[in-house]
Amino acid sequence: MNKIFFYFFLLFPYLGQAQDGISSISMERTPCFGKCPAFIITIQDNGKVQYIGKSNSLFSGKINGKLKMKYINRLFDKYEDKDFFNLPDMYKVKTSDVSKTHFKIIKNNQGKMIKNANEGPDYLHDLSNEIMELIPKIKWKNKTFQPITQEDDEVAGVQRESSINTSLTNEQAMPTFPNGNVALNDFIIKNLKFPKEAIESNKQGKVICSFVVDEQGKIKQAKVEKGFFKPCDEEALRIINAMPAWIPATKNGKKVSSRMVLPIHFVIKDKN
């Protein structure tokens, strides 16, 4: 059997008038254990972006930005033919203690809410991954933003941060694997070993791991947030701990630690 391994990173206001086709995609990521990044990002077909950080996120509060149209067109064209409107409004949650992904799609002057999209079809996972990969490409219009109000916190169901910086003057960046996501994918493919027990019992699924990238880029506090088969859970955790040092996150020009979420898929594909 051929064995194929997939991974993705593991972060709804509608802005503007809807046009024909997809005109707006909003994605919300919810907290998990109070550590996963929680935020809402809205991308419009004119390149405008709005980001609202809730907790442990790139920014705390609301900030606007702009994406180059080549990225917008590529994203929207790819998902133009997806039948979002025939999907359930909400998927059943299998595990309540992990981050959830919610989408709002505006297409042909209609809105579609999809809650718990991480339990939905693969193309929703792909959409989430691609939005996450676009975030570093956004050009923020300014480095000041409005802090989250107490009322916003109560609606979001999260605790307000004890100190919110309202005057950022430097770029912030999330941790990155050396040489980027392609290199991370190569590392996983080359080093991850599909457990024999899983192959023999035809066990396939997704293991969601979390870990901290500290100020030196070292991997710490790796753990399985949601597993499906113990040997696969253990192998996913092993590969996380075997990763080389990352490029650490930065905030206000200083290196900081950051928690990441990395789901790893174990998929068996027959040669035929």
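Hydrogens, waters and symmetry mates play no part in the numbers below; they use all other heavy atoms, side chains included. No experiment lies behind these values; they were computed from the predicted model shown.
For Ile135 against Ile41, the heavy-atom pair with the smallest separation is CG1-CD1, 3.8 Å. A pairwise comparison of heavy atoms in Met243 and Ile219 identifies CE-CD1, 4.1 Å as the closest pair. Nearest heavy-atom pair across Ala236 and Val207 is CB-CG1, 3.6 Å. Across all non-hydrogen atoms, the minimal contact from Met27 to Ile131 is CE-CG2, 3.7 Å. For the residue pair Phe187 and Pro244, the shortest heavy atom distance occurs at CE1-CD, 3.8 Å. When every heavy atom of Ile106 is checked against every heavy atom of Gly111, the shortest pair comes out as CD1-CA, 3.7 Å.
Partners of Asp81 under the side-chain hydrogen bond (donor to acceptor under 3.5 Å, both in side chains) rule, at least two apart in sequence or in another chain, do not exist in this structure. Listed by chain and number, the residues in a salt bridge (Lys or Arg N to Asp or Glu O under 4.0 Å) with Arg74 amount to none (sequence neighbours excluded). Remark: Lys66 engages Lys48 in a side-chain contact (heavy atoms from CB on, under 4.5 Å) (not counting sequence neighbours). Not a single salt bridge (Lys or Arg N to Asp or Glu O under 4.0 Å) links Glu197 to another residue, sequence neighbours left out. When the salt bridge (Lys or Arg N to Asp or Glu O under 4.0 Å) test is applied to Asp89, the partners found at least two apart in sequence or on another chain are Lys112. Residues passing the salt bridge (Lys or Arg N to Asp or Glu O under 4.0 Å) test with Lys70: none are found, sequence neighbours excluded.
In this structure, Thr250 contributes its side chain and Lys255 its backbone to no donor-acceptor pair below 3.5 Å. Checking side-chain atoms of Asn116 against main-chain N and O of Lys100 turns up no donor-acceptor pair under 3.5 Å. In this structure, the side chain of Asn241 engages the main chain of Leu237 through a donor-acceptor pair within 3.5 Å. A donor-acceptor contact shorter than 3.5 Å links the side chain of Asn118 to the backbone of Thr101. A donor-acceptor pair is defined here as one N or O able to donate and one able to accept, closer than 3.5 Å; such a pair exists between the side chain of Lys107 and the backbone of Glu80. Checking side-chain atoms of His102 against main-chain N and O of Glu28 turns up no donor-acceptor pair under 3.5 Å. A donor-acceptor pair under 3.5 Å is formed between the side chain of Asn108 and the backbone N or O of Gly21. Formation of a donor-acceptor pair under 3.5 Å by the Asp214 side chain with backbone atoms of Lys218 is found in this model. Under the 3.5 Å distance criterion, the side-chain polar atoms of Tyr71 are left unmatched by any main-chain donor or acceptor of Leu134.
Side-chain contact check for Lys230 versus Glu234: some heavy-atom pair is nearer than 4.5 Å. Looking at Ser258 and Phe211, their side chains never come closer than 4.5 Å, going by heavy atoms from C-beta outward. Side-chain contact between Leu184 and Asn179: absent, with no pair of heavy atoms (C-beta onward) separated by less than 4.5 Å. Residues Ile240 and Leu262 have side chains in contact (heavy-atom distance under 4.5 Å, counting atoms from C-beta outward). Annotation: side chain of Phe266 is in contact with side chain of Pro195 (closest heavy-atom distance under 4.5 Å). For the pair Lys137/Lys68, no side-chain contact is recorded, criterion being any heavy-atom separation below 4.5 Å from C-beta on.
Note on Ile239 and Val224: same hydrophobic cluster, where clusters join Ile, Leu, Val, Met, Phe, Trp and Tyr whose side-chain heavy atoms are under 4.5 Å apart, directly or indirectly. Linking ILVMFWY residues whenever their side-chain heavy atoms come closer than 4.5 Å, directly or via other members, leaves Ile264 and Val212 in distinct clusters. A single hydrophobic cluster is not seen to contain both Phe84 and Met90; linkage of ILVMFWY side chains at heavy-atom distances under 4.5 Å, directly or through other members, places them apart. When the side chains of ILVMFWY residues are joined at heavy-atom separations under 4.5 Å, either directly or via intervening members, Val49 and Phe76 end up in a single hydrophobic cluster.
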Intermediate values then yes/no, salt bridge (charged side-chain N to carboxylate O under 4.0 Å, His left out), Glu215 and Lys251:
CA-CA 11 Å; Glu215 294 88 340; Lys251 183 175 183 180; over 6 Å; no
Step by step, would you call Leu87 with Leu124 a side chain to side chain contact (heavy atoms under 4.5 Å, CB included)?
CA-CA 11 Å; Leu87 296 178; Leu124 293 179; 4.0 Å; yes
Would Lys223 and Ser210 count as a side chain to side chain contact (heavy atoms under 4.5 Å, CB included) if you check the C-alpha gap in whole Å, the side-chain angles of each, and the deciding distance to 0.1 Å?
CA-CA 6 Å; Lys223 62 180 179 179; Ser210 70; 3.5 Å; yes
Side chain to side chain contact (heavy atoms under 4.5 Å, CB included) between Asn64 and Tyr51, intermediate numbers included:
CA-CA 6 Å; Asn64 295 320; Tyr51 184 100; over 6 Å; no
Could you walk me through whether Asp45 and Ile22 pass side chain to side chain contact (heavy atoms under 4.5 Å, CB included), step by step?
CA-CA 7 Å; Asp45 61 354; Ile22 297 176; over 6 Å; no
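Atom CD1 of Ile105 sits about 10.0 Å away from atom OG of Ser23, to the nearest 0.5 Å. How far CD of Gln216 is from OG of Ser257: 9.5 Å, rounded to the nearest 0.5 Å. Taking CG of Leu67 as the reference point, atom CD1 of Ile72 lies at 4.5 Å (rounded to 0.5 Å). With rounding to the nearest 0.5 Å, the separation of SG in Cys232 from NE2 in His265 is 12.0 Å. Atom CD of Glu133 sits about 10.5 Å away from atom CG of Leu75, to the nearest 0.5 Å. One finds the CZ atom of Phe85 at 5.0 Å from the CD atom of Gln110 (value rounded to the nearest 0.5 Å).
Note: Trp246 and Phe177 have perpendicular aromatic rings, judged against thresholds of 30 and 60 degrees for the angle between ring planes.
A donor atom on one side chain and an acceptor atom on the other are not found under 3.5 Å apart for Gln44 and Ser24.
With respect to Glu130 and Lys78, a salt bridge is recorded, a charged nitrogen being found less than 4.0 Å from a carboxylate O.
Separation of the Tyr79 and Phe103 ring centroids does not fall under the 6.0 Å cut-off.
Within a 6.0 Å sphere centred on CG of Asn191, heavy atoms belonging to other residues, nucleotides or ligands number more than 12.
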